[in-house]
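Since the structure comes first, as structure tokens, the remarks are kept for the end.
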Protein chains: 2
Amino acid sequence: MEKIPIEKMATILKLLGDKTRLTIVSLLNERECCVCEFVELLDMSQPSISQHVRKLRDKNIVTEKRKGQWIFYSLNKENEFYPAIASVLQQIPSQEEKLLQLEKLGKKIICD
Amino acid sequence: MEKIPIEKMATILKLLGDKTRLTIVSLLNERECCVCEFVELLDMSQPSISQHVRKLRDKNIVTEKRKGQWIFYSLNKENEFYPAIASVLQQIPSQEEKLLQLEKLGKKIICD
DNA sequence: TCATTATATAAGTATATGCTTATATGTCAA
DNA sequence: TTGACATATAAGCATATACTTATATAATGA
């Protein structure tokens, strides 16, 4: 396993050490999502979510892909820290249920 | 594996998401240490180290044991978050070398 | 073209964080 | 008992963080 320098690891843990961002990353571990889905699921303001997503984007933890008026985010599995992130996600409950609820409410964004 | 609620995990990651505290925990993963060893190894003031150690103690991540004038800290392997912490430590380089250097300099604290 | 929707960004603000300096507490040894 | 050492804690301060509100940008569809 590739070791991560202690300073870089601290940076990543700090990034994940926030309930909102950890939830976002955990949701993205299930499937790609757009900002409005985060706003719905986390019950937070759109700018607040956007600012959290930006921090993840700045560190290349997530990637974005525009589809029409929506921007979908995904976990970047190519990122050097992805294995570390995956090992954290393994230890928290799956967010699958929340995404299924979103779909039941007809609030899943579909645009393919 | 026991799952950790997302909110608690965020709290732990935040605690570890600091270079000083992550280094302290990594050092304690090698052997028990006293505060003055952290001061020496991390080149930081004694109060600053004490304050970081306190945060780890408050969350029961480390335990203390007085030996004469020194207080030795250890990783608390009974703590519910120890497995999560161990999995993080596995992914960063061992701090063994730094502890060996300390011993070469005759600065290891021995009191048994 | 214009209103609507999705998202990003900027500016402001309250609180959290991590240091500093000063001081208190506890142990040892002369 | 007193001085030295190890550690903890308190208070103060500068910077970081995570919101808020307001506004900008971009795409859609009537």
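A, B, ... follow the sequence lines: proteins, then strands. Residue 1 opens every chain.
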Is there a donor-acceptor pair under 3.5 Å between the side chain of B/E37 and the backbone N or O of B/C34?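 Flag set: sc B/E37 to bb B/C34 pair under 3.5 Å.
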Name each donor-acceptor pair under 3.5 Å that joins a side chain in residues 89-96 of chain B to protein atoms two or more places apart or in another chain, with its distance.
residue, atom, partner, partner atom, Å
B/Q91, NE2, A/S87, OG, 3.0
B/Q91, NE2, B/S87, O, 2.8
B/S94, OG, B/E30, OE2, 3.0
B/S94, OG, B/E96, N, 2.9

- Between A/G68 and A/S48, which has a closest nucleotide on DNA chain D that is more 5'?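 Counting from the 5' end, the first nearest nucleotide belongs to A/S48.
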Could you pick out which residue, A/D18 or A/P47, lies toward the 5' side of DNA chain D when each is mapped onto its nearest nucleotide?
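The residue closer to the strand's 5' end, by nearest nucleotide, is A/D18.
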Quick check: closest heavy atoms across A/V53 and A/V62, and the distance to 0.1 Å?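 Residues A/V53 and A/V62, closest heavy atoms: O-CG2, 4.3 Å.
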Taking side chain to side chain donor-acceptor pair (under 3.5 Å) as the definition, give me every residue that meets it alongside [X], ordered by chain and number, with sequence neighbours left out.
X: B/E40; result: B/K107
X: B/D43; result: none
X: B/E64; result: B/R57, B/Y73
X: B/Q46; result: B/S50

* To do: Please list residues of residues 34-46 of chain B whose heavy atoms come under 4.0 Å from any atom in DNA chain D, ordered by number; otherwise none.
  =>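 Output list: B/C34, B/V35, B/C36, B/Q46.
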| request: Hey, could you give me each pair passing side-chain hydrogen bond (donor to acceptor under 3.5 Å, both in side chains) that has a residue in residues 14-24 of chain B? Not counting sequence neighbours. | output: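 Residue pairs passing side-chain hydrogen bond (donor to acceptor under 3.5 Å, both in side chains), neighbours aside: B/R21-B/H52.
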Among residues at least two apart in sequence or on other chains, which ones pass side-chain contact (heavy atoms from CB on, under 4.5 Å) with [X]?
X: B/N60; value: B/N76, B/N79
X: A/K59; value: A/T11, A/L15, A/I61
X: A/K65; value: A/E32, A/K67

### Task
Using heavy atoms to find the nearest nucleotide of DNA chain C for A/K14 and A/I49 separately, return the residue whose nucleotide is more 5′.
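So the residue in question is A/I49.
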| request: Mind calculating the distance between CD (A/Q69) and C1' (C/dA6) to the nearest angstrom? | output: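 My rounded result for the distance is 6 Å.
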- Counting side-chain heavy atoms from CB outward, which of C/dT20, C/dA6, C/dG26 is closest to B/R66?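 For the B/R66 side chain, the nearest candidate turns out to be C/dG26.
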Strand-adjacent residues in residues 52-65 of chain A, judged by heavy atoms under 4.0 Å from DNA chain C: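 Contacts with DNA chain C under 4.0 Å: A/R54, A/R57.
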First contact, last contact: which nucleotides of DNA chain D are these for chain B, 5' to 3', heavy-atom distance under 4.0 Å?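 Nucleotide range in contact with chain B: D/dC5 to D/dA11.
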